[in-house]
Amino acid sequence: MKLAFRYAWRELRGGGIASLYQFRIVLACLALGVAAIALVGTLRASLTRGIAEQSAALLGGDLAIDGSAEPFPDGLRRMLAQQGAQVSEVVRMSSLIAAPDGGRTLINLKAVDGLYPLKGAVKLAPPIAIGVALAGHGLVAEQIVLDRLGLKDGDTVRVGDASFHLRAALLSQPDATANLGLFGPTVLISSGDLAATGLVAPGALIDRSLRVSLPAGVAVASVVDLVQRDFADQGFRVRTSAENAPGVDRTIDQVAEFLTLVGLASLLVGGIGVAVGIEAWLDARARSIAILRCLGASAELIMGVYLLQSLALAALGILAGLFVGGVVPWLAGDWLASLLPVPAHFGIYPEPLLLAAFYGVMTTLVFALAPLGRATSLSGADLFRDATLPAHAPPRSVLVLVNVVLVLALVAVAVRTSSQSGLALGFAVGAMVTLALFRVVGGLLTRVAARLPRPRAIALRLGLAALHRPGADTRLMLTALGLGLSSLAAIVCTEANLRAIIADQIPVAAPSFYFIDIQPDQVDRFQTILGKFSSVRDVVVVPNLRARIVAVNNIPAAQFADNPQAGWAVRGDRGLTYAALPPTGTQLVEGKWWSADYSGKPLLSLDDGLAQGLGVGVGDVIRVNVLGREIDLTVASTRRIAWRSLSMNYAMVASPGLLAAAPHTNIATLRSDPGQDGAILRAVADALPNVTGIHVADILATVAALVRKLATALAATGAIGLVSGGLVLAGAIAAGQQRRAREAVILKTLGATSGQIRLAFLVEFGTIGAVGGVLAGLIGCAASYAVVSRVMGEDWRFTPLPLLATLAASIVVTLGFGLLSTQGALAAKPAAFLRNE
Amino acid sequence: MNVNSPNFPNAVPTTIAEPLVAARGLTLTVPSDAGPVNILRGVDFSLGVGEAVGLVGPSGSGKTSLLMLLAGLERATSGSVVIDGTDITGLGEDALARFRRQRIGIVFQAFHLIPTMTALENVAVPMELAGARDAMDRAREALVSVGLGHRLTHLPGQLSGGEQQRTALARAYAPQPRLLLADEPTGNLDQATGQMVIELMFELRRAHGSSLLLITHDVAIAERCDRRCHMADGVLS
């Protein structure tokens with residue numbers, strides 16, 4: 001081994017910068033893949049630490065108690081006061097804000113008390129204290145509200161029945177992620193001003209939350225136990241800062257794992273570049289290797305000498321990747337933190353860097369062993385021939401075994417470090433199958449090209465012949481392109497399907513408006529206002545109550561909290577309505593609807609999915625709490641609900657009678673022509689300020705914009721694989737450039753014009769691009785099908801445009817590289833190749 | 001062009017009526033870090049139809065550069081080259097390529113076969129480039145004529161040096177060029193093989209009636225030509 005180190009050092013010392021230049025593609029491929037993995041790991045660690053450090057601020061306290069629309073019982077406040085806690089109440093609801101000119105926009109209204117925020121700070125522009133901003137009917141709103149309505153500081157705006165003075169723009173609030181909502185940007189007012197808005201009415205859709213800050217020495221867990229024991233029947237949801245934003249943590253983990261897999265895929269593609277680069281580097285040293293063998297060096301010594309050099313040079317690429325992925329985020333921490341919606345603590349995190357380095361070293365070993373093995377098969381006799389690396393030396397079985405073990409180790413670590421091992425394993429297998437497929441198709445292409453009838457046109461003939469010549473790069477170029485292009489195609493196809501699901505299926509039947517919080521005595525006036533608009537049709541008004549499921553067949557509802565199908569229904573209040581007739585389009589699965597004049601014991605028609613989650617059927621009893629009163633509802637039927645149509649429907653519909661007497665509001669939906677939407681909203685909001693109108697098209701536009709952003713982000717990450725493939729392609733072309741230039745010179749000498757040579761190259765590269773594009777498109781479709789149908793449970797549809805775009809991209813990329821190669825070859829001076837001296 | 005050299009006592013000055021090749025005042029100067037290098041200094045050269053000329057001289061004298069200029073593979077700094085009535089000094093790259101494929105065959109010391117094409121394909125290339133429909137048939141005949149009918153599908157790497165050079169000869173002669181340029185064709189071959197290749201070259205030349213410019217270090221080979229020229233330090237004498 002010492003000898004191997006000594007010889008390796010001598011060669012590296014002698015090679016110097018030239019070695020680095022020869023290794024440039026290897027270094028670039030490794031650096032890119034390692035940087036991607038290191039960057040993802042560092043970001044994940046930074047975000048996890050940042051969220052953990054500021055978890056209390058993110059929650060708004062040491063713990064949060066989420067209740068219903070009803071005020072919290074005094075007993076709870078007394079109990080918390082006895083613990084020495086500071087308590088701040090936050091009330092949230094959807095509403096409309098009206099500008100002086102009558103313009104309106106949907107908002108997430110948040111009423112806060114004088115102690116808010118218990119943890120962290122609210123940032124405003126201008127930078128005034130929140131208490132000062134909200135005093136005297138003050139209001140602060142996110143900048144987007146100001147931009148949409150053209151508001152400025154000092155403007156008078158209306159929320160419900162009350163007027164407010166806009167005091168500042170809301171830049172950030174520490175508990176923004178505590179209660180994420182889709183319906184509109186946030187507006188803060190003082191809780192003392194809430195009553196004046198007239199929005200707090202019986203049955204209104206309101207969320208109340210108590211944020212609690214405990215003194216030192218009081219354990220959070222003990223307070224949680226007290227709340228859950230003494231107020232078990234209230235259905236409170238208690239969250240602590242340790243588990244505050246499970247959704248956010250889950251999202252970060254899922255995104256980080258997806259990106260790590262993308263980074264691994266790009267490293268896998270880069271591995272091909274490693275193999276190509278090391279092969280070319282060893283080829284340049286074939287003469288030295290043959291001399292060493294002549295002088296008595298063993299195959300093992302050769303392997304040791306050149307493996308050590310490969311690893312040493314690869315280490316430079318890995319270190320470069322670690323620097324970009326691990327150190328740069330730390331250096332640019334402040335700037336990066338300003339871009340992120342959640343707190344991050346940037347620093348050097350050894351664990352993700354070690355993992356990235358491990359992947360880099362393993363990739364180098366996996367892809368270097370084959371060319372190194374071929375190098376050991378060189379003999380001293382090769383000195384007397386043209387000493388070059390044998391292209392097809394059979395692999396030694398021990399090397400094959402070692403390679404298999406390395407690959408298994410790589411996959412094992414990837415699976416082990418993922419929280420979704422099934423996904424990681426599937427991804428690894430899918431990536432390897434894709435690579436193998438491209439290699440097989442590359443081989444098929446060369447065979448087919450060899451068997452095609454010879455075309456008349458010489459350029460076409462030369463181009464096709466280049467595909468199957470000995471030493472042709474066809475298989476390598478296809479494989480280099482393949483993985484990156486396939487993942488991009490999968491992302492593009494999936495995104496197209498998502499857009500189709502959202503854009504094509506929903507709006508046809510979706511109502512134009514939802515109007516919520518219509519009081520019973522406002523229904524007639526509401527209908528009268530709508531009657532003035534000619535395009536209004538299909539008006540549906542249903543009663544809306546807030547109910548909490550407390551037991552299912554006498555089993556406490558809390559036991560269903562972790563049920564994936566039903567857990568959502570038992571956490572907090574849910575909407576409940578009553579109806580004599582079944583909603584339009586009802587599809588009963590089990591049981592039957594009550595008669596129109598039914599007035600017996602309360603019956604319930606339940607959503608079929610919810611019924612399955614709760615394990616109930618016809619005859620079972622669900623106990624609900626409505627405004628403090630517990631009512632047993634007997635299941636009379638279950639329904640299949642087309643939620644995606646966005647038409648009015650409820651998971652729980654009760655028989656009329658008992659519930660009709662309970663205080664409640666009404667929700668209405670209607671359809672109208674877009675040209676009258678603005679006027680309808682203004683008319684209703686002016687006449688009934690407590691009624692909130694939700695323009696469905698705006699919500700769908702928000703969702704569509706989110707999907708577009710997600711798709712763009714996914715496509716950008718998918719492009720990493722393409723960049724990696726591009727590097728490998730560049731490496732393969734660079735490795736063959738000398739040969740291409742020599743051939744071009746000889747062809748020119750024999751009478752080929754530049755156009756003929758150019759066309760021949762373009763035929764070669766264009767064919768590879770076309771075949772690669774078609775195959776990548778098919779693989780992308782297959783992957784997209786798996787995601788859309790199996791993971792999302794939707795109907796997959798074939799979308800030709802993304803496929804055509806993938807094919808076009810493939811051809812453009814390969815032709816681009818082909819042109820570069822051609823120009824280089826055509827520029828070669830004949831004298832340099834043809835001279836004897 | 002008269003030759004005055006004690007090495008070639010048998011050289012006979014001839015008057016060339018309508019030369020196939022007429023080069024006048026050729027100079028070739030290339031830049032270098034140490035200043036411009038004059039490789040050719042005002043060379044006048046003529047080659048008659050069907051004539052064979054042996055060009056000798058020390059290494060670095062400019063022989064290959066002259067051959068490159070005549071082949072249109074290098075551009076003269078000044079002067080003109082007229083081949084078969086066409087002034088090639090004014091032609092573009094593609095026009096030169098078209099001219100070469102129809103009129104000029106070249107044989108190199110290093111053979112310069114395309115390593116990824118079989119012997120048959122290598123020989124067929126210039127005729128395919130010219131659009132000949134019977135390129136393969138003619139290539140086959142050419143290889144048979146040089147004794148390589150049994151090596152049609154072999155790659156250059158599978159041929160010996162002599163076989164490679166015979167393949168290169170077949171490639172050069174198969175399009176029936178008017179002019180053959182040979183740059184030390186036996187330089188990489190042993191004496192016996194070189195002798196065989198030279199015999200073949202002259203035989204093919206007789207059969208095709210081509211003119212021949214042969215660069216060689218071998219005096220005996222040079223003496224087989226109709227005329228000998230000597231080049232030294234960029235000057236033809």
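Just so we're on the same page: letters track the sequence lines, and every chain starts at 1.
Summarising the geometry of A:K748 relative to B:A97, their closest heavy-atom pair is O-CB, 4.1 Å, with the distance given to 0.1 Å. The two residues A:T753 and B:R98 have their closest heavy-atom pair at CG2-NH1, 3.2 Å.
Between B:L113 atom CG and A:E743 atom CD the span is 11.5 Å, to the nearest 0.5 Å. If you take CG on A:L750 and CD1 on B:I104, they are separated by 11.5 Å, rounding to the nearest 0.5 Å.
You'll find the side chain of B:M117 reaches within 4.5 Å of the side chain of A:L462, heavy atoms only. Taking 4.5 Å as the limit, some side-chain heavy atom of A:I746 sits within range of a side-chain heavy atom of B:R171.
Within the 4.5 angstrom heavy-atom criterion, only side-chain atoms of B:I106, from C-beta onward, approach chain A. Both the backbone and the side chain of A:L747 come within contact range of chain B, with heavy atoms under 4.5 Å apart. Heavy atoms of B:S65 lying under 4.5 Å from chain A belong to its backbone as well as its side chain.
A salt bridge is defined here as a Lys NZ or Arg NE, NH1 or NH2 lying under 4.0 Å from an Asp or Glu carboxylate O, and A:R469 with B:E121 meets this definition. Ion pair A:R454/B:E128 flagged as a salt bridge, since at least one NZ, NE, NH1 or NH2 atom sits closer than 4.0 Å to an Asp/Glu carboxylate oxygen.
Within 6.0 Å of the CZ atom in A:R439, the count of heavy atoms belonging to other residues, nucleotides or ligands does not exceed 12. Atom CZ of A:R447 has 12 or fewer neighbouring heavy atoms from other residues, nucleotides or ligands inside a 6.0 Å radius.
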